[in-house]
Amino acid sequence: QLVESGGGLVQAGGSLRLSCAASGRIFSSYSMGWFRQAPGKERECVGGISWSGDSTYYADSVKGRFTISRDNAKNTVYLQMNSLKPEDTAVYYCAARRGAVVAVVGGYDYWGQGTQVTVSS
């Protein structure tokens with residue numbers, strides 16, 4: 001089970017940190033991905049982190065602004081979002097999979113329910 005939190009309304013240029021809490025069974029050996037879906041658009045990968053935390057991936061649209069980290073002792077992965085833009089507005093989801101990080105929706109086995117992020121201009 002994956003549960004996201006930390007979404008909300010923020011002004012452009014602001015920051016938010018999303019958290020994704022996972023059950024231990026599906027966390028410690030799983031790579032984690034963050035995805036987002038805006039209204040009328042397909043779900044897209046924001047980035048991901050390997051199970052050990054030593055490898056990360058970021059979409060070009062968020063590179064340099066978003067940072068993914070994980071605390072395996074707390075079974076939690078984080079998405080720190082800085083310099084937010086209105087186009088970052090979306091429902092954000094975390095997902096888990098065995099193996100390396102991939103940037104495709106179909107590559108993940110477990111999904112959270114999502115948390116809304118709204119960036120006002």
Side-chain angles (χ1 to χ4, degrees):
Q1 182 182 9
L2 302 173
V3 180
E4 302 96 336
S5 61
L9 174 64
V10 63
Q11 289 187 334
S15 298
L16 279 176
R17 188 177 81 157
L18 306 184
S19 299
C20 173
S23 64
R25 182 177 67 86
I26 62 168
F27 187 80
S28 59
S29 60
Y30 279 65
S31 292
M32 303 295 293
W34 281 100
F35 291 77
R36 66 186 181 187
Q37 188 166 19
K41 295 187 177 181
E42 294 186 352
R43 192 169 299 188
E44 64 175 356
C45 184
V46 172
I49 188 166
S50 63
W51 71 270
S52 64
D54 62 0
S55 178
T56 54
Y57 159 82
Y58 297 97
D60 288 342
S61 59
V62 306
K63 200 170 294 184
R65 300 188 298 123
F66 290 11
T67 303
I68 298 172
S69 61
R70 67 189 295 162
D71 185 339
N72 286 349
K74 296 182 178 180
N75 292 342
T76 303
V77 62
Y78 304 97
L79 177 63
Q80 177 67 44
M81 305 184 293
N82 299 329
S83 303
L84 283 162
K85 306 175 181 179
E87 51 264 44
D88 294 319
T89 295
V91 177
Y92 283 71
Y93 301 87
C94 67
R97 73 180 303 271
R98 287 189 179 275
V101 173
V102 296
V104 293
V105 172
Y108 287 80
D109 303 306
Y110 300 95
W111 290 85
Q113 83 290 347
T115 185
Q116 176 70 47
V117 171
T118 303
V119 184
S120 63
S121 56

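The cationic atom of Arg43 (NZ for Lys, CZ for Arg) does not lie both less than 6.0 Å from the six-membered ring centre of Phe35 and within 45° of the ring axis.
The main-chain N or O of Ile68 is found under 3.5 Å from a side-chain atom of Tyr58 such that the two form a donor-acceptor pair. With Thr89 contributing its side chain and Val119 its backbone, the two residues share a donor-acceptor pair below 3.5 Å. The backbone N or O of Val102 lies less than 3.5 Å from a partner atom in the side chain of Tyr108, making a donor-acceptor pair. Glu4 contributes a side-chain N or O that, together with a main-chain N or O of Gln113, makes up a donor-acceptor pair within less than 3.5 Å.
The line from CE of Met81 to CZ of Arg17 is 11.5 Å long, rounded to the nearest 0.5 Å. Ser121 OG to Lys85 NZ: the interatomic distance, rounded to the nearest 0.5 Å, is 14.0 Å. Residue Arg98 holds its CZ atom at 7.5 Å from OH of Tyr110, rounded to the nearest 0.5 Å. Atom CG of Asn75 sits about 12.0 Å away from atom CD of Gln1, to the nearest 0.5 Å. Annotation: the span from Ser29 atom OG to Trp51 atom CH2 amounts to 8.5 Å, rounded to 0.5 Å. Summarising the geometry, atom CE belonging to Met32 is positioned 11.5 Å from atom CG belonging to Leu79; distances are rounded to the nearest 0.5 Å.
Following chains of ILVMFWY side-chain contacts shorter than 4.5 Å, one can reach Trp111 starting from Val104, so the two form part of one hydrophobic cluster. Tracing side-chain contacts under 4.5 Å through hydrophobic residues (I, L, V, M, F, W, Y), one never reaches Trp34 starting from Val105; they form parts of separate clusters.
In this pair, Phe66 and Tyr92 present their aromatic rings tilted. The plane angle is within the 30 to 60° band.
Smallest separation of non-hydrogen atoms from Ser15 and Gln80: CB-NE2, 4.0 Å. Scanning all heavy atoms of the two residues, the minimum distance from Tyr93 to Gly112 falls at CD2-O, 3.6 Å. The two atoms that bring Ala90 and Gln116 nearest to each other are O-NE2, 3.4 Å, heavy atoms only. Of all heavy-atom pairs spanning Leu2 and Ala22, the tightest one is CD2-CB, 3.3 Å.
Judged as a salt bridge (Lys or Arg N to Asp or Glu O under 4.0 Å), the pairs with a partner in residues 65-75 (not counting sequence neighbours) are, in order, Arg65-Asp88.
Each of Val101, Ile49, Val77 was evaluated against Ser31; a single residue qualifies, Val101, per the side-chain contact (heavy atoms from CB on, under 4.5 Å) test.
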